[in-house]
Number of protein chains: 2
Amino acid sequence: MQFGSAEGVRVAKAATVYDVAQLAGVSTATVSDTFRRPHRVKAATRDAVKKAADALHYVPSASARGLRHGRTGAFGLFSYDYFRTDPAAEPPETSVVGPGDEIRVVRGDKGFADRQFPVYVDEVQRGVELECWRRGYALLIGGGGHANSTTAVTDIAGRVDGLAVFPYTVPDEALERISNRIPVVMLSERPHGDGLSHVTVDNSGGMRAVTEHLLAEHGLRDLLFVGGPTTFDAQQRLAGFRAALRTAGLRVPRKPFPSAVDRAEATALVGDLLARDALPEAFVCYTDETALNVLEALADRSVAVPGRVAVTGFDGILAGRIVRPALTTVRQPMEAMGRAVVDILIGRLADPAGEPAWRRLPVEVVLRESCGCRLR
Amino acid sequence: MQFGSAEGVRVAKAATVYDVAQLAGVSTATVSDTFRRPHRVKAATRDAVKKAADALHYVPSASARGLRHGRTGAFGLFSYDYFRTDPAAEPPETSVVGPGDEIRVVRGDKGFADRQFPVYVDEVQRGVELECWRRGYALLIGGGGHANSTTAVTDIAGRVDGLAVFPYTVPDEALERISNRIPVVMLSERPHGDGLSHVTVDNSGGMRAVTEHLLAEHGLRDLLFVGGPTTFDAQQRLAGFRAALRTAGLRVPRKPFPSAVDRAEATALVGDLLARDALPEAFVCYTDETALNVLEALADRSVAVPGRVAVTGFDGILAGRIVRPALTTVRQPMEAMGRAVVDILIGRLADPAGEPAWRRLPVEVVLRESCGCRLR
DNA sequence: TTGAAAGCGCTAACAT
DNA sequence: ATGTTAGCGCTTTCAA
């Protein structure tokens, strides 16, 4: 099958309603009606219009429709790539295959720095995509550099009827401007009335539950909370941890808590604890990523998990299922969160004068091996 | 911080250039210039305009700009979710957290049907996203049901300056129409002149190389090719397999080849082979997914891999790294393929009268355990 | 350096 | 059942 005109040359201007109308011998209104309100057009006329449209390869312009309508029919998601420090960086050079090129053979995956496991952001994004498709909306994915995120996100905002953002990816000024024009949903705990809609999970309840598991089922007493940046969600998780200790009548430690956001920090933390002979009975980590770092640092120093110390995470990312020992964690319903975002946006469009929405979804504790549980 | 007007009510119509111009006491042209060609506006005027724009929460309408400009500044990707048979299906009911709700505790991941490993399409999509962001394009992700894909893809096409599609996701008629209006890149081998641009990999070379590895390094002779739907890419891979056999002076088997696109088929295939005592020395599978199915079916029947039989795949998806034995495969540069798509689209925009592009990227053979290699 | 105004393609209100 | 037409918000000549 041969598409396009000869040699794939596309010189003619794209066909418009006017062209179709002329060829079909009708008015532009009838062309529009044929596609948008077909019942108002006589069948014969409809066929003639469709035939003309086919012949001219007519594709309606969403810009024109959006301008006329005041709505674009698309939502936006301002996302990011967790593994890319600088998305603006030049990507690695890629060659193309020439005749007689050797095919590289490598043993194992050593030094293969390509995409890792999907993390929180990826899984939520997929939920947003699926629900947009299901509800008939197009989805505009923006993201990348934090450098010019104001420009980038404002550009996205101008193209959509509603926007979803992850916390701390967009400057407050930009958010304020945008949220005044279209509904915005943020994927985080809801800071005291910021006028945005929020989708979040039961951060404190989940962390409390996993902590209680450590306390009640494994009889542990000396738990160390490992945190990171003080986000709203992190605060809630810490609160849940403390609540569990308090309820159990244990001493609730004061801040500061150590963090282990990367391998180096985790290594330092474990090394320090070991040096001071102060290893706790459990590392209660505020994210799976942190827990994975701690797990590796512990393995490096040959500290047995769960034999000598337990480790728990929070999120439920895929990597935690795969790693050995498998990570006990609190699973967020990431796909459902993404879907909820879209549902809220649609609701806000239907009732722009209503209150911002705030949806807190349930989590579940997933018991695997790193807490000391024996599966099956 | 409080965004939005009181109670988050958004009643006023969105501000336009006219509003900003009026408030700043300038013409609409000056407002436009302030943002698009700032150097042509006196600094003081610029500041005044920006101040007015801030005050009014002005966000330029991409629809209007797109209409005026004839370009939208966005690309489209028509994607799909590999694990979702019917994306139009109602998603599972999700509740919200109420006060006093119990937190569910589950042991292990039994019955957890959420998102699996990322596959080919996910990794290519991420490449497209990253390159779009890097080059300053917005990315519209469409996809989902194959039911109304003509409607869906045409809708996307109307919103973008260029479109990327995976093979067999869009009916030919739709592609023809669209490719007449905007550049289209397909992620597949290039069927004899379809007028589209293509990004592909060295399918035959890669399959030939992995087959030669089985022949030369492991001394195997009785190889079974396991295929699936007869796509362009599949045909090339089969050709590579046959070429390797031919070169080695081995008998090149005729079609038909068995397939194992799902677990059931793989189980049946292995069962049949076992019953006929006709197990080959190696299963050379045309995708990783198929190889993974075969691996599982073999494990079910306690056939040792690589002890009794070798298995190889094609793609390089994450799951193949994780599974035991780790899967020997041919890795496609998926992120680079996604990036190439965007690069081509930008090129075609710059030179609409040029030839469709055709970029064939190199693959590499990744030796892991399932072929019989011992790592490290 | 700034302003006036045309026009991008579409659709809905209104007219026929 | 179909046609006429205004106008959505923006940018870009062209003129001042």
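Order of the sequence lines sets the chain letters (A, B, ...), proteins ahead of strands, with each chain counted from 1. Since we're looking at a predicted model, the values are computed, not measured. What you see below is based on every heavy atom in this structure, not just the backbone, and it leaves out hydrogens, waters and symmetry mates.
- The residue A:V26 sits close only to the backbone: its heavy atoms come under 4.0 Å of sugar-phosphate atoms, none of a base.
- With sequence neighbours excluded, the residues forming a side chain to side chain contact (heavy atoms under 4.5 Å, CB included) with B:D343 are B:R135, B:R359, listed by chain and number.
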Below 3.5 Å is the cut-off: list the nitrogen or oxygen pairs between protein and nucleotides 7-10 of chain D, distance only.
unit_1, atom_1, unit_2, atom_2, d
D:dC8, O2, A:R68, N, 3.3
D:dG9, N2, B:A64, O, 3.2
D:dC10, OP1, B:Y58, OH, 2.8
D:dC10, OP1, B:S61, N, 3.2
D:dC10, OP2, B:V17, N, 2.4
D:dC10, N4, B:Y18, OH, 2.6

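- Taking atom CG on A:D19 and atom P on C:dC8, their separation rounds to 11 Å, with Å as the unit.
- Look at CG on A:D47: it is 11 Å from P on D:dT2, rounded to the nearest Å.
- Nucleic acid contact class of A:D33 (heavy atoms, under 4.0 Å, all strands): none.
- The side chain to side chain contact (heavy atoms under 4.5 Å, CB included) test applied to A:L23 returns A:A52, A:A55, A:L56, not counting sequence neighbours.
- The residue B:V41 sits close only to the backbone: its heavy atoms come under 4.0 Å of sugar-phosphate atoms, none of a base.
- The distance between atom CZ of B:R71 and atom P of C:dG7, rounded to the nearest whole Å, is 22 Å.
- Not a single side chain to side chain donor-acceptor pair (under 3.5 Å) links B:T94 to another residue, sequence neighbours left out.
- Residues meeting the side chain to side chain contact (heavy atoms under 4.5 Å, CB included) test with B:A64, sequence neighbours left out: A:L67, B:S61.
- Not one side-chain nitrogen or oxygen of A:S27 sits closer than 4.0 Å to the OP1 or OP2 atom of D:dT4.
- Listed by chain and residue number, B:S197, B:I344 satisfy the side chain to side chain contact (heavy atoms under 4.5 Å, CB included) test with B:A357 (two or more places apart in sequence, or in another chain).
- Spacing between atom CZ of B:R37 and atom C1' of D:dT12 amounts to 6 Å, rounded to whole angstrom units.
- Taking the six-membered ring where tryptophan is involved, the planes of B:Y58 and B:F35 are tilted, since the angle between them lies from 30° to 60°.
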